[in-house]
Amino acid sequence: MYINLLDLFTVISDFTHPDASFAGSMQLMAAVKCGTNRRLANHPHFEDRELRDATREIYQMYARKTPNYVYNKIKKYNVDYIIVEDSICLGKDKPNYCSLKEILDIGNR
């Protein structure tokens, strides 16, 4: 499903609980925070080791991991919703190549 940012903010604001927690790419989470003021599991503006570790674990949703593995990781951080961007995995010039997935898989070895 393709959705523009304004529509995403509307869906989040109108159809999720105000205390809901979201996870996704750092750049999208910055926009979600600004556009909805919702709680984030991985916030791009406050960097420390614990946050980097949380983001790496949450980003496993883009790696070659089982749904159960990803579910356990996001529940660890009390995430209610994940927002997966296909643009991270599906580049226009290389539709079958996912650089983030490849990077995560190498790091997971």
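Computed from a prediction, not measured in an experiment: that's the story for all the values here.
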Donor-acceptor contact below 3.5 Å, side chain R38 vs main chain H17 =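 Side chain of R38 to backbone of H17, a donor-acceptor pair under 3.5 Å: yes, one is there.
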Between the main-chain N or O of G24 and the side-chain N or O of N42, is there a donor-acceptor pair closer than 3.5 Å?
->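 Such a contact is found between N42 side chain and G24 backbone.
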Transitively linked via ILVMFWY side-chain contacts under 4.5 Å: V79 with V84?
->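 Cluster IDs for V79 and V84 match.
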Rounded at 0.5 Å granularity, tell me how far [atom1] in [X] sits from [atom2] in [Y].
| X | Y | atom1 | atom2 | answer |
| --- | --- | --- | --- | --- |
| M61 | I74 | CE | CD1 | 8.0 Å |
| D80 | K75 | CG | NZ | 5.5 Å |
| I58 | D53 | CD1 | CG | 11.0 Å |
| S25 | Y62 | OG | OH | 5.0 Å |
| I82 | F22 | CD1 | CZ | 11.5 Å |
| F15 | T10 | CZ | OG1 | 9.0 Å |

Under the ring pair (Phe, Tyr, Trp, His ring centres under 6.0 Å) test, which residues partner Y69, sequence neighbours left out?
->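 None.
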Is there a side-chain contact between [X] and [Y] in this structure, where contact means two heavy atoms from C-beta onward sitting under 4.5 Å apart?
| X | Y | value |
| --- | --- | --- |
| M29 | I83 | yes |
| K33 | N37 | yes |
| Y81 | I12 | no |
| L28 | L8 | yes |

Between A41 and S21, which heavy-atom pair has the shortest distance, and what is it?
->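 Nearest heavy atoms, A41 then S21: N-OG, 3.9 Å.
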